[in-house]
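To keep things clear, I will list the structure first and then write my remarks on it.
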Amino acid sequence: MPNFIDRRLNPKDKSLGNRQRFLRRARDELKRAINERVRSGKIDTADQDQLIPIPRKGIGEPTFQRAPHSGRREEVLPGNKTFGTGDRIPRPAAGSGKGSDPSSSGDGEDDFQFALSREEVLDLFFEDLELPDLVKLNLKEVVTFRPRRAGFTMSGNPTSISVGRTMFNSFGRRIALRRPKQSEIDAAAAELLKLEGERRPSAATQQRIAALREEIAMLARRRKLIPYIDPLDIRFNRFEPQPVPNANAVMFCLMDVSGSMGEREKDLAKRFFVLLHLFLKRRYAKTDIVFIRHTHEASEVDEDTFFYSTQSGGTVVSTALEEMLRVVRERYPAKEWNIYAAQASDGDNIPNDSERCVSILDKTLMRLCQYYAYVEIIDERESEMFRHADNGTSLWNAYREVSAEWPNFEMTRIAKPSDIYPVFHELFAKAPAPAKRG
């Protein structure tokens, strides 16, 4: 078995191993910061460029040095007038160490900052979700483009010549260089012909005839040297590709905010909503987001209220579906918008309301939606036992009837971020089946 020995020298005062450990620590810190920003930021800004600060204490490379307040050593310092050999030197009092030097200008050392591009932010965000590479690529790129006018250029395809701009440049150049007009040459030639027709021309007439001949030759030569259209005049229409998704979409985020939905459940729900939004943002030119939260009653709210505001009450899921239906009828007609919905819940619901939810979905909402995803958040300790089990909450069992009837309805149980992807597997594997719109 081969044995490789790396004999490359380390940089001065540096260790390659330490630098690699630093990069790993920095990546862990960046990942933590990205997750925190996704948790506390807005859904539609999760994939934007980020400037991530790293604490100063986290960027230094580890080094070996003597601990000043521990160990045993004997030293003789020059200029010592207080202590002799064998004397014990007391430890410094706690808090008496020297701090950083003050600054008269008010400036101090800032945290180290990483400027992350959109692709780098998405790479860190996708890490926990364990998405396949193909899916990551699909979420990062925009697949359709159309040409957009972007001024003029001096080179291009002959079929894209801008005649108007070319003639405008030619006209300006001919005026600036004073190119003779054909009418000037014709007028001089007519006068010359008239003078040459005289029987006994005078000396002055002969001088005029000679001057006219020189003038006509000069005008013809100048007209030939200054072309009507010069290659420098030619301009081509310039086009640049502009990403154009297909149409408009609206994404409805529905979530139970009763007491049983804690911070862990809300964080998983937000990651799920962010992933769906990235998918829609790739496909559609305009993507609106509507947040509907519910306990025993539902209301449309802003994003901050949706994720961070607390509310007490029971759990009646059908109120959220009715509120969604009201918003669709008022602002998002199905003929003009592609409607997507994502619902997150822990499965709690009052008795007999789950049947009403099935009725609303079957009769109305599923005929309007392109895609509806239901995510039930369960305890991580019970994830392997209940994720694929046939038994479940009343809401889960009711929604299984909807899933069997409508191919554009997906449902899953999740307990950690890596469980989120399976609900999107069918969506990426094949296009959603068209909804039965009536």
Side-chain angles (χ1 to χ4, degrees), residues 44-45 47-49 115-123 132-189 215-251 277-288 332-340 370-371 427-434:
D44 56 356
T45 61
D47 62 331
Q48 293 183 358
D49 297 350
L116 299 181
S117 65
R118 177 178 183 269
E119 288 73 18
E120 292 169 332
V121 171
L122 290 178
D123 281 337
D133 291 337
L134 179 61
V135 175
K136 294 179 184 179
L137 272 177
N138 286 338
L139 286 173
K140 288 183 185 178
E141 65 182 2
V142 179
V143 295
T144 56
F145 296 88
R146 74 175 176 189
R148 181 177 66 88
R149 287 292 300 272
F152 304 95
T153 180
M154 296 183 66
S155 61
N157 194 310
T159 58
S160 62
I161 290 179
S162 174
V163 177
R165 176 61 66 170
T166 298
M167 296 307 298
F168 181 83
N169 293 342
S170 171
F171 184 66
R173 178 184 53 80
R174 286 184 275 119
I175 290 177
L177 297 178
R178 297 181 180 179
R179 183 179 189 268
K181 297 180 180 180
Q182 185 63 40
S183 59
E184 297 176 6
I185 299 178
D186 293 341
E215 182 181 357
I216 292 174
M218 184 271 294
L219 291 176
R221 184 171 61 255
R222 188 174 179 82
R223 184 175 173 84
K224 185 177 181 180
L225 290 175
I226 304 175
Y228 187 80
I229 295 180
D230 191 88
L232 293 176
D233 302 331
I234 299 177
R235 293 293 183 272
F236 298 86
N237 292 317
R238 179 173 174 268
F239 298 91
E240 63 181 17
Q242 181 183 23
V244 181
N246 300 329
N248 298 333
V250 56
M251 169 182 164
H277 181 260
L278 288 174
F279 172 78
L280 297 180
K281 192 175 181 180
R282 182 180 68 90
R283 286 196 166 189
Y284 298 101
K286 180 182 178 183
T287 305
D288 284 1
Y332 300 102
K335 294 182 179 180
E336 301 176 11
W337 291 82
N338 294 283
I339 301 172
Y340 290 77
Q370 295 288 334
Y371 182 73
L427 188 61
F428 283 103
K430 59 182 180 180

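It should be emphasised that the depicted structure is a prediction, and the values quoted were computed from it without experimental measurement. Because only heavy atoms are used, hydrogens play no part in the values below, and waters and symmetry mates are left out as well, while side chains stay in.
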Reported [atom1]-to-[atom2] distance for the pair [X] and [Y], which is rounded to 0.5 angstrom:
X      : Y      : atom1 : atom2 : answer
Thr159 : Phe236 : OG1   : CZ    : 9.0 Å
Leu232 : Ser170 : CG    : OG    : 11.0 Å
Ile234 : Thr153 : CD1   : OG1   : 12.0 Å
Met251 : Asp288 : CE    : CG    : 11.5 Å

Determine yes or no for a side-chain-to-main-chain donor-acceptor pair under 3.5 angstrom, with Arg179 supplying the side chain and Ala176 the backbone.
-> no
Keeping the roles fixed (side chain from Thr166, backbone from Arg235), state whether a donor-acceptor pair exists under 3.5 Å.
-> yes
Let me check something: any side-chain donor-acceptor pairs from residues 217-229 under 3.5 Å, sequence neighbours excluded? List them with distances.
unit_1	atom_1	unit_2	atom_2	d
Arg222	NE	Arg178	O	3.3
Arg222	NH2	Leu177	O	2.7
Arg223	NE	Gln182	OE1	3.4
Arg223	NH1	Pro180	O	2.8

Please state whether the rings of Tyr332 and Trp337 are parallel, tilted or perpendicular, taking 30° and 60° as the class boundaries.
-> perpendicular
With sequence neighbours excluded, tell me which residues meet side-chain contact (heavy atoms from CB on, under 4.5 Å) with Asn237.
-> Arg149, Phe152, Ser162, Phe239
Name all residues meeting the side-chain contact (heavy atoms from CB on, under 4.5 Å) criterion together with Ala187; count only those two or more places apart in sequence or in a different chain, and write none if there are none.
-> none
Taking only Lys NZ, Arg NE, NH1 and NH2, and the carboxylate oxygens of Asp or Glu, determine whether Asp233 and Arg173 approach each other closer than 4.0 Å.
-> yes
